[in-house]
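These values consider heavy atoms only, across backbone and side chains, with no hydrogens, waters or symmetry-generated copies. Residue numbering restarts at 1 for every chain, and letters A, B, ... go by the order of the sequence lines.
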Amino acid sequence: GAGVSQSPSNKVTEKGKDVELRCDPISGHTALYWYRQSLGQGLEFLIYFQGNSAPDKSGLPSDRFSAERTGGSVSTLTIQRTQQEDSAVYLCASSLNPFGNTIYFGEGSWLTVV
Amino acid sequence: AQRVTQPEKLLSVFKGAPVELKCNYSYSGSPELFWYVQYSRQRLQLLLRHISRESIKGFTADLNKGETSFHLKKPFAQEEDSAMYYCALSTSGTYKYIFGTGTRLKVLA
């Protein structure tokens, strides 16, 4: 595709509900990243995929967070039993391959937990 | 541990004044450094990377390994430069990009 595509762009959910955020990376990009951007904070690394594998899940804040990637393309970030502190912008990015390559960001999914 | 520090959360300058956005990193190996910018209502995008040694929109950044810095500079700020700027570090042999907390630049008329 022309760029990294994320959906939904905005999501308001009730505390305790599960949410799924989707990322469609640039075609041919093997590396995919999820970041979280909270108000007044920087970009917090969540997880990285190389192909369908996630070598590093250490950034996931808790076991309520999980992510998968299928077919080396689309990725889904799932947050179970959402809490108010999960409210943030979730950014997906992709790059042709890791290290030293430019990463291209999506527009983000703005999650509000009420 | 690798770290990127941007000490200023907000930097306000007048149009035409010089700008310097500070970035310091902590990494013992050979770093790859980037500046990303986010304009209002737009996605985060690459501004420049140190390996390219290029000037984008009048901005330059020089890697100073002695001071472990990668400050972003522009001699004459423009109003359209107002945005959020993030410094990022990519470390040798890994995929991980580490971002600073960002500096909001406001260029006043």
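Contacts of Tyr104(A) with chain B are absent, with no heavy-atom separation under 4.5 Å from either backbone or side chain.
Contact residues of residues 106-114 of chain A toward chain B are Gly106(A), Glu107(A) (heavy-atom distance under 4.5 Å). Listed in order of number, the residues of residues 53-63 of chain A that approach chain B to under 4.5 Å between heavy atoms are Asp56(A), Ser58(A).
Note: Tyr35(A) and Phe105(A) have tilted aromatic rings, judged against thresholds of 30 and 60 degrees for the angle between ring planes. Classified by interplanar angle (parallel below 30°, tilted 30° to 60°, perpendicular above 60°), the ring pair Trp35(B)/Tyr85(B) is perpendicular.
The ring of Phe34(B) has its center closer than 6.0 angstrom to the ring center of Tyr97(B).
No hydrogens or angles considered: a donor-acceptor pair under 3.5 Å links the side chains of Tyr86(B) and Gln37(A).
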Review point. Yes or no on side-chain hydrogen bond (donor to acceptor under 3.5 Å, both in side chains) for Tyr36(B) and Gln38(B), after CA distance, side-chain angles and deciding distance?
Key: CA-CA 7 Å; Tyr36(B) 281 81; Gln38(B) 189 170 29; over 6 Å; no
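Counting only residues at least two apart or in different chains, side-chain hydrogen bond (donor to acceptor under 3.5 Å, both in side chains) contacts with residues 73-83 of chain B comprise Lys74(B)-Asp81(B).
Between Glu20(A) and Arg22(A) there is no salt bridge, since none of the side-chain N atoms of the basic residue sits less than 4.0 Å from a carboxylate O of the acidic one. Taking the charged nitrogens against the carboxylate oxygens, Arg64(A) and Asp86(A) do have a contact shorter than 4.0 Å, which makes a salt bridge.
Listed by chain and residue number, nothing satisfies the salt bridge (charged side-chain N to carboxylate O under 4.0 Å, His left out) test with Glu67(B) (two or more places apart in sequence, or in another chain).
Listed for the Thr76(A) side chain is no donor-acceptor partner under 3.5 Å among the backbone atoms of Glu68(A).
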